[in-house]
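Take a look at the structure below.
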Amino acid sequence: MIRGILIGVLAVAVGGTAFWGYQEHQEKNAILINAENNYQRAFHDLTYQVDLLHDKIGATLAMNTQKSLSPALADVWRITSEAHNDVGQLPLTLLPFNKTEEFLAQVGEFSHRTAVRNLEKDPLTSEEQETLQSLYEQAATMQEELRTVQNMVIQDNLRWMDVEMALASGEETTDNTIIDGFKTVEKTVDGYDETGFGPNQVSSREKEIGYKDLDGDFINKEEARKIAEKYIPVPKNAKMTIAKGGPNKENGFYSVTYKKGNWEATMDITRKGGYPIYLLQNRDITDQNISLNEASKEAEKFLKEHNFMDMELFESTQYDNVGLFTFVSISEDGVRIYPDAISIKVALDDGSILNFTAEEYLKSHKTRDIPEPTISKEEAKSMLNSNVKVQDDRLSIIVNELGEEVLSYEFLATLNNDTYRIFINANNGVEEEIEKLQNAEPIYENLV
């Protein structure tokens, strides 16, 4: 009898396992089908967008009036943004596709920069016309190669999931039609000489500065540990690990981690020069004992102790029992330099540093020769909406949409009950950026 019961139990278990396995298989298939559909949609959308891009650039070459050119270039910018988005949805993260992405970025930058200026007063130069012609030819080549891949995908019923699995397994060197096709696209785009986009254009390659331009010698793991312990109050008997990160030695870093019980701290340090990139300390925070202002003093003290000089508190916020502060560089003449930003989190129970982030600062900080403004403060002020009331003003350096540093007049202004930070280009009066500042959060205590 016991034997019969055991056989029955095993039969139920085997049946249950089989049913569970079947369900898992069905769910996995559904996920794979959904992913495949998304990849197919993104690829065919990309091919369509490149078709449109080629046609739209061709249309701009035939236009005779500057008035119709601006909206056409705006369309080119919109199409490149959509094409770039489609590329990002394909399983190509492990397959180098940077030349094609850089081409799309350059087309977007050029078309946006040209579309927003007054082409009636400042028409396209002969150099810019040549640039458009070059972009048209490159778009035609990309269009042809993508259509070739598209034809093979449709004709042979190829699957994008095979591409993802090949990339994930490191077998992309084997015969794979889609991978080979995209390598051809990449190689073809790379075959062109870099297009001249004029002095105001910045290629995406130039934006990727990294840490390679930092001063100092390369450090080893032991030196990284010593640097970390200058920033982190390490308790006795804490376990330490050090790992390398980054794409290469020049732009790489050491990640130093300490653990003891519920406490943990991690710090990233550049391999070149030994500069602190990031610090995070995880611990339980008790009741608030210091004010936000007192915490800001602790953050300022921390910066000075570690040789981050000429920094000015730009923004402060409190979340629960943590203060968040953003500091930016300030020049001798009082110009605020926003690209040189450092953020710090301070615990409001004891004033200790919970988080320190200096990545933006390290990538952009340098000695700058700041020119005098071309237009006066009053001229810049006249560019503002007549309904805003200016409360304060100063000169600042910000990064515009194209990744360029520009000298601007910064106006702190109010409109009704809202406060805005408005940046007017100090050379041409262009409204570079408008930022609405956060209003104080309403208090809902005593509400039922």
Side-chain angles (χ1 to χ4, degrees), residues 204-234 238-259 263-283 295-296 298-317 319 322-330 336-347 352-368 397-399 403 405:
S204 56
R205 184 185 303 156
E206 291 171 335
K207 293 177 187 175
E208 296 170 1
I209 300 170
Y211 309 119
K212 63 183 180 181
D213 295 326
L214 295 175
D215 294 328
D217 299 324
F218 289 101
I219 64 170
N220 57 36
K221 287 186 176 181
E222 177 60 20
E223 290 170 315
R225 181 191 66 78
K226 290 179 180 179
I227 292 170
E229 291 179 2
K230 292 179 181 179
Y231 288 81
I232 302 172
V234 183
K239 183 181 178 182
M240 182 202 69
T241 58
I242 300 180
K244 290 181 181 179
N248 49 51
K249 185 178 180 181
E250 287 72 18
N251 289 312
F253 58 88
Y254 289 109
S255 188
V256 186
T257 302
Y258 296 90
K259 288 183 181 180
W263 175 86
E264 181 178 349
T266 299
M267 186 170 186
D268 291 345
I269 301 165
T270 63
R271 293 174 66 183
K272 186 173 184 183
Y275 296 92
I277 306 170
Y278 182 78
L279 166 64
L280 176 64
Q281 183 180 183
N282 282 324
R283 67 170 179 82
S296 72
E298 292 295 327
E300 289 175 3
K301 179 183 174 184
F302 179 86
L303 288 173
K304 289 178 181 177
E305 284 177 349
H306 296 96
N307 297 316
F308 288 94
M309 313 305 279
D310 301 319
M311 303 295 293
E312 178 179 83
L313 180 61
F314 157 59
E315 204 167 45
S316 63
T317 313
Y319 296 99
V322 174
L324 174 60
F325 307 96
T326 303
F327 293 83
V328 295
S329 289
I330 187 166
R336 186 179 279 172
I337 305 170
Y338 282 101
D340 294 1
I342 294 176
S343 66
I344 298 179
K345 287 183 182 178
V346 179
S352 63
I353 305 301
L354 298 175
N355 178 267
F356 166 85
T357 306
E359 184 173 16
E360 291 181 40
Y361 179 92
L362 294 177
K363 288 183 176 181
S364 65
H365 184 63
K366 59 187 176 183
T367 302
R368 293 173 173 86
I397 290 178
I398 64 170
V399 176
E405 289 190 1

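- Inter-residue side-chain proximity for R368 and S329 is flagged as unmet; no heavy-atom pair is nearer than 4.5 Å.
- Taking 4.5 Å as the limit, some side-chain heavy atom of T257 sits within range of a side-chain heavy atom of E264.
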Task: Test log, rule side-chain contact (heavy atoms from CB on, under 4.5 Å), inputs E315 and L324 - done: CA-CA 8 Å; E315 204 167 45; L324 174 60; over 6 Å; no

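- Residues V256 and I232 are not in side-chain contact: their nearest non-hydrogen atoms beyond the backbone lie 4.5 Å or more apart.
- Taking V328 as the reference, F314, R336, Y338, A341 meet the side chain to side chain contact (heavy atoms under 4.5 Å, CB included) condition, with sequence neighbours excluded.
- With contacts defined as side-chain heavy-atom distances shorter than 4.5 Å, the pair H306/F356 does not qualify.
- Between Q281 and the choices W263, Y231, Y258, the side chain to side chain donor-acceptor pair (under 3.5 Å) rule is met once, by W263.
- Inter-residue side-chain proximity for Y275 and D215 is flagged as met; some heavy-atom pair is nearer than 4.5 Å.
- Partners of F253 according to the side chain to side chain contact (heavy atoms under 4.5 Å, CB included) rule, which considers only residues two or more places apart in sequence or in another chain, are S255, D268, I277.
- Listed by chain and residue number, nothing satisfies the salt bridge (Lys or Arg N to Asp or Glu O under 4.0 Å) test with E300 (two or more places apart in sequence, or in another chain).
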- [ ] Before giving the answer on side-chain contact (heavy atoms from CB on, under 4.5 Å), spell out for V399 and E360 the whole-Å C-alpha distance, their side-chain angles and the decisive distance to 0.1 Å.
- [x] CA-CA 12 Å; V399 176; E360 291 181 40; over 6 Å; no

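- Looking only at atom types and distance, the side chain of Y254 has no donor-acceptor partner in the side chain of E223 under 3.5 Å away.
- If you look at F327 and F308, their ring centroids are not closer than 6.0 Å.
- Using a 4.5 Å cut-off on side-chain heavy atoms (C-beta onward), N355 and T357 make contact.
- Between R225 and E222 a salt bridge is recorded (basic side-chain N to carboxylate O distance below 4.0 Å).
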